[in-house]
Number of protein chains: 2
Amino acid sequence: MKYSASKEDYLKAIYHLQEGQSVVTTNALAAALQAKPASITDMLKKLKKEKLLNYERYKGFRLNNEGKKVAVHIIRKHRLWEYFLVNKLQFGWDEVHEIAEELEHLSSKKLVDQLDAFLEYPATDPHGDPIPDSQGRFIQERQVSLLDYPLNKMAKVSGVASQTKEMLDLLQHKNIQIGTRLEVKRKFPFDNSLELKIRNQPTITVSELVAKNVMVKDE
Amino acid sequence: MKYSASKEDYLKAIYHLQEGQSVVTTNALAAALQAKPASITDMLKKLKKEKLLNYERYKGFRLNNEGKKVAVHIIRKHRLWEYFLVNKLQFGWDEVHEIAEELEHLSSKKLVDQLDAFLEYPATDPHGDPIPDSQGRFIQERQVSLLDYPLNKMAKVSGVASQTKEMLDLLQHKNIQIGTRLEVKRKFPFDNSLELKIRNQPTITVSELVAKNVMVKDE
DNA sequence: ATTTATTTTTAGATTTGCCTAAAAATATAT
DNA sequence: ATATATTTTTAGGCAAATCTAAAAATAAAT
């Protein structure tokens, strides 16, 4: 089945939005796609008719398995192309997103798989996000607590174990969020506090309790 | 300026059609694009309004310099991507056209130029057609192997790479000599053999080895 | 030089994805 | 619980690119 670029954008955006929430709302999707809510409703009807998501009016919506499958394949393409742009065409990791937004809509399945082989099956894109394989499987890298992470190795924040408001407040204040890339520069055995370095920012300190609850992956 | 994929297809098709003819006709373009003549007329009006071609109703049309510039840039993209697909992603030269039809519509100028650099500025695509540089200039007139020469384009034999007696015998037998004008009518991917047509003579077949050693220039 | 055939254009519809403005459903607050 | 605010949907339109069918212009043929 071939989907329009626009439909693919909807599927991808819904996929990302539904990670957290139990249902996605019209307004949230409208904000994510920079479109008007009325346009969202229009498209939802079409996607429902194509059996890509569950949707009942006024009740929110969610991709079904088929919709997820399509979304994951688009994400695969996006991330592979980003990897290609950075590692073969010398683009900076901060300038590839827009171009990959175009490339992800190419339809040839063989193209993607040959590209994957040419790149030697990379596990993550230049931002550290995992690249699903041709079956749509994410190879889960295990996430570890920042407390156990080695010194001077680039890590990417992948989650927060204790999601209290106080914790999130504190992390926000320290400029740490999901996806933030950082390195542990020093560990103080006295209180198990850590010094962290985030690109373009002054070194910061976090307590043992915070470090224990920040989950990271290799970058 | 950003043009729709459809407009780009029109410009490219007109560019190729006007190579021979003095003006291009509505019907010819309709056949080339597999569309109805009425659709052609509609689009011609739009392209004229955008000052990309000269067109007066019932009188045929032709790209102006601006239109040619756009068309050449699309051709550049098409041929660079074909080169990439064959030489980096291991596609066969006979299966890349369709994919390149999609890739040629990507809009990033930097992407094309970085790709060009990554490929080390190839002069011709896998079918032997010249790749214009980033200024839209064709670096023309080099002699190339008959094996790489495009289909249905008049070539003039300019040399023979391997001048063994056996080779020259064979060429003489097939009536091929320096200066002979011929066209490649067909390429067989199975063994890379070619069918050639020389004016006033029946079609002949040559092997990959022979074709590789016969050098030709545009005629 | 008319008639006939062909080519090209116009006129009006269709589809897709988007929009605005107004109505309907749901959520919030007093 | 009722009024108010927010969210979501409907209704109706617009622009792009296509189509069909009919009309107009040009070309070909007797």
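All chains are named by letter (A, B, ...) in the order of the sequence lines, taking the proteins before the strands, and each is independently numbered beginning at 1.
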State whether [X] places a side-chain N or O below 4.0 Å from either non-bridging phosphate oxygen (OP1 or OP2) of [N].
X       : N      : value
A:Arg57 : D:dT7  : no
A:Thr25 : D:dT7  : no
B:Tyr3  : D:dA17 : no
A:Thr26 : D:dT9  : yes
B:Ser6  : D:dA16 : no

Starting at [atom1] of [X] and ending at [atom2] of [N], how long is that distance when rounded to a whole Å?
X       : N      : atom1 : atom2 : answer
A:Lys59 : C:dA24 : NZ    : C1'   : 15 Å
B:Ile40 : D:dT20 : CD1   : P     : 13 Å
B:Leu29 : D:dT18 : CG    : C1'   : 14 Å
A:Asp9  : C:dC18 : CG    : C1'   : 14 Å

Select base, sugar-phosphate, or nothing to describe what A:Phe61 touches, counting heavy atoms under 4.0 Å on all strands.
nothing

NA contact type, B:Thr41, heavy-atom cut-off 4.0 Å: base, sugar-phosphate, or nothing?
base

In plain terms, say whether [X] and [Y] are close enough for a salt bridge, that is, a side-chain N and a carboxylate O under 4.0 Å apart.
X        : Y        : answer
B:Glu104 : B:Arg79  : no
B:Glu8   : B:Lys2   : no
A:Asp133 : A:Arg76  : no
A:Lys109 : A:Asp113 : yes
B:Lys185 : B:Glu183 : yes

Between [options], which one does the side chain of [X] approach most closely?
X       : options                : value
A:Ala38 : C:dT26, D:dT10, D:dA21 : D:dT10
B:Asn27 : C:dC18, D:dT18, C:dT7  : C:dT7
B:Ser39 : C:dG17, D:dC19, C:dC19 : D:dC19
B:Ala35 : C:dT8, C:dG17, D:dC19  : D:dC19
A:Pro37 : D:dT9, C:dT9, D:dA17   : D:dT9
B:Tyr58 : D:dT9, D:dA25, C:dC18  : D:dA25
B:Tyr10 : C:dT9, D:dT9, D:dT18   : D:dT18

Between side-chain atoms of residues 47-59 of chain A and protein atoms elsewhere (two or more places apart, or another chain), which donor-acceptor pairs fall under 3.5 Å?
unit_1  : atom_1 : unit_2  : atom_2 : d
A:Lys48 : NZ     : A:Tyr55 : O      : 2.9
A:Glu50 : OE2    : A:Lys7  : NZ     : 2.5

Distance to the ring centre below 6.0 angstrom and angle to the axis at most 45 degrees; does that hold for B:Lys88 and B:Phe118?
yes

Contact list for DNA chain C against residues 42-52 of chain A - heavy-atom distance below 4.0 Å:
A:Asp42, A:Met43, A:Lys46

